[in-house]
Amino acid sequence: MIRSPRGVEDILPSQVSQYQWIEKEASSLFSLYGYEEVRTPIFERAELFLRSLGEETDAGKQMYIFQDKKGRRLALRPEATAPVVRAYLQHNLYGKTREWRVYYLGSMFRYERPQAGRYREFRQIGIEAIGEGSPYLDVEIIEMAHQFFKRVGLDKVELQLNSIGCRKCRPFYEEKLKEYLKKNMDRLCPTCQRRYQYNVLRVLDCKNENCQLVIREAPWIGEYLCEDCSSHFQSVKEGLKALGIKFQINPHLVRGLDYYTRTIFEIISPVLGAQNAICSGGRYDDLIEELGGPSVPAMGFAMGVERVLLALREEKKGIPYKRLPLIYIATLGREGWRAGYELANLLRLKEIRVQLNTSKRKLSSQLSFAAKRGIRWVMILGEEEVKKRRVILRDMNSGTQKELEWEKLEENIEEIKS
RNA sequence: GUGAGCGUAGCUCAGCUGGUUAGAGCACUGGACUGUGGAUCCAGUUGUCGGGGGUUCGAAUCCCCUCGCUCACCCCA
């Protein structure tokens with residue numbers, strides 16, 4: 001048997017309705033804030049990601065890169081921010097719109113070892129707002145993310161916030177941090193000793209206990225922010241407080257990439273395992289320039305749909321929106337089936353979901369099938385009913401049933417629908 | 001990329017330190033109930049014991065390799 005590749009999964013019908021529900025909630029909420037959907041390609045020139053992520057990071061290794069028939073290097077998108085920015089530049093939206101607000105939803109691909117909440121194909125829903133540098137935007141975006149989780153009924157979420165400064169002040173901080181860590185190098189785990197070389201900030205969120213002890217005494221970025229970054233951060237915090245949104249300052253919250261500036265945030269779900277971030281976002285005032293565009297500030301976030309669903313399941317939250325048939329028509333004999341077909345069509349014209357029996361099974365088996373599928377209403381059509389031009393309507397919940405004339409079906413349907 | 005745990009029927013699992021024909025429950029199918037689901041009872045079907053190799057008279061069981069699943073590390077755009 002050929003199975004699906006590692007780390008990718010089929011989404012079966014019962015799951016699909018959950019995804020659709022999340023997508024619907026997100027898109028309707030985001031549009032309330034002025035965001036419109038954008039769809040970018042599933043694959044891009046690999047350079048787009050390699051440039052935005054930085055060539056030297058090993059993010060390149062975690063990408064699905066392949067060559068097309070002309071030998072071009074392409075990559076399945078591992079995230080959507082760079083493609084959205086690419087589209088923004090390619091269509092010269094700078095100058096055409098002062099602020100571009102878009103959301104996207106779709107599959108992303110990363111070649112990683114799968115674990116709880118981490119897959120090789122996963123879906124993200126995210127937004128990007130390009131063109132505005134004010135902290136009010138940061139506040140509104142975080143509020144919107146917060147609002148989303150409220151909407152879908154996820155109660156146990158924690159908002160973590162930090163500022164990682166800008167090109168002016170961060171290098172100075174990194175220097176100070178390195179200075180400090182160098183003195184304590186022998187107390188750091190081997191991984192952190194490597195991180196010290198290629199990504200110092202990552203030392204801050206190491207899980208190792210000994211490293212934590214060292215980090216506790218480490219210099220704090222808050223003290224090294226330049227005046228602009230500091231007041232920006234201050235405004236964001238004040239704004240969130242004013243809106244009554246709870247957050248924790250997490251000085252260890254960092255980003256691995258250089259293009260992030262100032263505000264970064266993460267929403268985590270404590271009911272999840274090691275991969276517990278369900279939404280992560282931040283300001284990236286330098287990315288557009290790095291991709292060859294003008295210097296334009298921007299901010300966005302992305303939510304992991306699978307993780308949100310996992311968290312909902314952990315919190316035992318029911319997920320609505322199941323498109324089961326409302327009615328199952330059980331039929332007996334050829335005449336029964338023909339009559340069933342007529343009735344089914346009639347009902348479908350009224351936008352009622354009907355599943356018609358197509359088997360030659362006996363009645364008890366048909367009823368049991370409907371019950372197992374969770375279909376509440378069953379119509380029974382046998383020889384007798386056809387003769388009388390009637391149908392038995394059975395309520396599988398209560399086990400009661402009554403006989404209806406075909407001509408009077410419509411009146412009763414309204415009752416069923418509600 | 002590293003590590004740990006696990007792969008036996010459609011599902012959940014049992015199978016003791018190697019021993020003959022590999023089991024249970026659930027599910028499924030049929031019947032008791034010739035046209036009424038969920039309950040009960042009876043009967044029946046179900047397996048490359050993940051795959052390959054090795055040790056052995058004999059392997060689901062022990063050893064090696066491999067594939068897959070799960071979780072963690074790593075990474076986390």
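Just so we're on the same page: letters track the sequence lines, and every chain starts at 1. For clarity, every value in this text was computed on a predicted model and none was experimentally measured.
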Which part of the nucleic acid does [X] contact within heavy-atom distance under 4.0 Å: base, sugar-phosphate only, or nothing?
| X | value |
| --- | --- |
| A/Arg361 | sugar-phosphate |
| A/Gly273 | sugar-phosphate |
| A/Gln401 | base |
| A/Glu9 | nothing |
| A/Tyr284 | nothing |
| A/Arg394 | base |
| A/Phe49 | nothing |

Can you identify which nucleotide, out of B/C75, B/C28, B/G35, has its nearest atom closest to the A/Lys372 side chain?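 It is B/C28.
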
When you get a sec, tell me which of B/G35, B/G37, B/C75 is the closest nucleotide to the side chain of A/Thr191?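 The nucleotide sitting nearest to the side chain is B/C75.
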
How are the rings of A/Tyr88 and A/Trp100 set to each other: parallel, tilted or perpendicular (split at 30° and 60°)?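 Correct class here is tilted.
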
Can you say whether the rings of A/Phe148 and A/Phe30 are parallel (under 30°), tilted (30 to 60°) or perpendicular (over 60°)?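 Judged by the thresholds at 30° and 60°, the geometry between A/Phe148 and A/Phe30 is tilted.
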
Does the base of B/G35 carry an N or O that pairs as donor and acceptor with the side chain of A/Glu385 under 3.5 Å?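 Looking at the base of B/G35, it does pair with a donor or acceptor on the side chain of A/Glu385 (distance under 3.5 Å).
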
Mark yes or no for a side-chain to base donor-acceptor pair under 3.5 Å between A/Arg118 and B/C75, with no hydrogen or angle criteria applied.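 Between B/C75 and A/Arg118, which were checked side chain against base, a qualifying N/O pair under 3.5 Å is present.
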
Nearest-0.5 Å distance that lies between atom OG1 in A/Thr331 and atom CG in A/Leu343: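 The OG1 atom of A/Thr331 sits 11.0 Å away from the CG atom of A/Leu343.
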
Charged tip of A/Arg283 within 45° of A/Tyr260 ring normal and under 6.0 Å: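 The answer is no, since A/Arg283 fails at least one limit relative to A/Tyr260.
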
I need the CG-C1' distance between A/Leu48 and B/A77, as an integer number of Å.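 These atoms are roughly 12 Å apart.
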
For B/G37, does either OP1 or OP2 sit under 4.0 Å from a side-chain N or O belonging to A/Gln366?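 For B/G37, OP1/OP2 do not have a side-chain N/O of A/Gln366 under 4.0 Å.
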
